[in-house]
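Just so we're on the same page: letters track the sequence lines, and every chain starts at 1. Predicted model, so just to flag it, every value in this text is computed and none were measured.
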Number of protein chains: 2
Amino acid sequence: MKRDSRLSGVLHVLLHMAQQPGPFTSETLAKAMTTNPVVIRRIMAGLRDLGYVRSEKGHGGGWRLACDLSKVTLRDVYMALGSPSLLAMGNRTEAPGCLVEQAVNAALDQAFRDAEALLLSRLGEVTLAMLGEDLRKRLGSRKIHDISAHRA
Amino acid sequence: MKRDSRLSGVLHVLLHMAQQPGPFTSETLAKAMTTNPVVIRRIMAGLRDLGYVRSEKGHGGGWRLACDLSKVTLRDVYMALGSPSLLAMGNRTEAPGCLVEQAVNAALDQAFRDAEALLLSRLGEVTLAMLGEDLRKRLGSRKIHDISAHRA
DNA sequence: GTTTCATGTAACGTCATATGTTACATGATA
DNA sequence: TATCATGTAACATATGACGTTACATGAAAC
């Protein structure tokens with residue numbers, strides 16, 4: 001099955017936004033992501049609803065960060081996307097009458113729940129500010145990364 | 001994305017097979033799973049290649065267990081399916097030139113790897129024999145569950 | 001006020017993948 | 001030799017992410 005890359009994508013956008021004052025139009029962001037402005041609006045909609053970013057129409061409009069980056073975790077961003085399913089696998093039938101399948105489901109569910117919990121926990125440990133710090137180290141001597149000079 | 005239920009399905013089949021001597025035709029198993037015989041052959045192919053089950057053609061043919069159930073774990077079965085991806089999410093670009101995306105990927109990859117490792121580890125802790133034990137408890141006083149009396 | 005710019009969103013099209021189905025070849029048994 | 005069962009290719013279907021077009025809404029510039 002195709003892998004969902006919305007979390008990866010939206011984090012990429014947010015981190016770029018944290019490097020420059022903004023605002024950023026969906027078109028600018030889309031170019032940097034090699035995608036379509038509508039896709040940007042789509043993945044940003046949830047973050048806007050939760051107040052992590054703001055959007056404005058018209059001249060000089062676009063997207064701006066509207067949160068404390070040290071208070072928002074990757075888990076928060078994930079939830080802003082609507083908490084899409086984390087695992088690519090699942091049970092054939094959720095509430096089977098067959099006892100055999102119930103036994104199988106019980107074993108798998110336990111493993112699935114543990115893995116999901118760990119993943120959410122890990123995402124909850126990382127703030128956007130920490131991502132920005134890591135980026136600064138990677139940039140090293142280089143100057144601020146301008147989004148207009150974006151290379152995939 | 002649609003969730004992959006092959007592991008759930010093939011375990012269901014194996015556990016049913018462990019309750020009766022067999023052999024079982026793909027058609028019998030398919031009826032119990034409310035699916036198509038070809039689907040059964042498809043998910044069983046990998047297990048046959050690894051020697052966990054055997055198949056025979058012609059009259060009296062079908063599928064038989066061919067392994068020590070206490071030695072085969074859910075992880076082994078998962079790998080027999082070809083180790084399909086466990087996570088529904090992934091990075092937008094695997095080897096990005098953009099440092100911002102590299103920073104994002106690094107953070108996500110760490111979380112993803114941990115979750116996958118935990119899931120594989122959990123699957124590796126459960127043997128088919130343990131599943132059978134759990135099933136026996138669920139059956140309680142009831143007699144062996146006949147696959148022909150299967151209800152979803 | 002009209003034009004221009006930007007978001008908001010519906011409505012498609014596209015692509016990948018799991019799953020379902022048909023068809024037919026292969027091999028084993030009666 | 002007929003029947004049964006697997007092996008597999010080929011095609012159909014369903015779902016969901018992603019891409020694209022079209023148009024409405026609202027804000028700023030002129």
Reckon B:Arg64 has a side-chain N or O less than 4.0 Å from the OP1 or OP2 of D:dT6? no
Rounded to whole Å, CG of B:Asp49 lies from C1' of D:dG7 at a distance of 11 Å
With the criterion being N/O to N/O and under 3.5 Å, what pairs connect the protein with nucleotides 25-27 of chain D, and how long is each?
{"unit_1": "D:dT25", "atom_1": "O2", "unit_2": "A:Lys57", "atom_2": "NZ", "d": "3.1"}
{"unit_1": "D:dG26", "atom_1": "O4'", "unit_2": "A:Lys57", "atom_2": "NZ", "d": "3.4"}
{"unit_1": "D:dG26", "atom_1": "N2", "unit_2": "A:Gly58", "atom_2": "N", "d": "3.0"}

Could you give the CG-to-P distance, from A:Leu7 to D:dG16, as a whole number of Å? 19 Å
May I ask you to check whether over 12 heavy atoms, not counting those of B:Arg54, lie within 6.0 Å of atom CZ? no
Does A:Ser55 have a side-chain nitrogen or oxygen under 4.0 Å from the phosphate oxygens OP1 or OP2 of C:dT7? no
Starting at atom CH2 of A:Trp63, determine the distance to atom C1' of C:dA6, rounded to an integer number of angstrom. 11 Å
Would you find more than 12 non-hydrogen atoms of other residues, nucleotides or ligands less than 6.0 Å from A:Glu27 atom CD? no
side-chain N/O B:Thr25 vs D:dT6 OP1/OP2, d < 4.0 Å: no
Can you tell me if A:Thr25 and A:Thr28 form a side-chain donor-acceptor pair at under 3.5 Å? yes
Would you mind classifying the nucleic acid contact of B:Gly62 as base, sugar-phosphate or nothing, using non-hydrogen atoms under 4.0 angstrom? sugar-phosphate
Gap between atoms CZ and C1', on B:Arg54 and D:dG7 respectively (whole Å): 18 Å
Can you tell me the distance, in whole Å, between the CG atom of B:Leu29 and the P atom of D:dA5? 12 Å
Just to be sure I understand the rule, does B:Arg48 reach a base, reach only the sugar-phosphate, or reach nothing, if contact means heavy atoms closer than 4.0 Å? sugar-phosphate
Every protein N/O within reach of nucleotides 19-23 of chain C N/O, cut-off under 3.5 Å:
{"unit_1": "C:dT19", "atom_1": "OP1", "unit_2": "B:Ser5", "atom_2": "N", "d": "2.8"}
{"unit_1": "C:dT19", "atom_1": "OP1", "unit_2": "B:Ser5", "atom_2": "OG", "d": "2.5"}
{"unit_1": "C:dG20", "atom_1": "OP2", "unit_2": "B:Thr35", "atom_2": "OG1", "d": "2.7"}
{"unit_1": "C:dG20", "atom_1": "N7", "unit_2": "B:Arg42", "atom_2": "NH2", "d": "2.9"}
{"unit_1": "C:dG20", "atom_1": "O6", "unit_2": "B:Arg42", "atom_2": "NH1", "d": "3.4"}

Between atom CD1 in A:Ile40 and atom P in D:dA17, what is the gap in whole Å? 16 Å
Is it the case that the side chain of A:Asp4 and the backbone of A:Pro84 share a donor-acceptor pair, with hydrogens and angles ignored and the cut-off at 3.5 Å? no
Whole angstrom value for the distance that separates P of C:dG8 from CG of A:Leu47: 12 Å
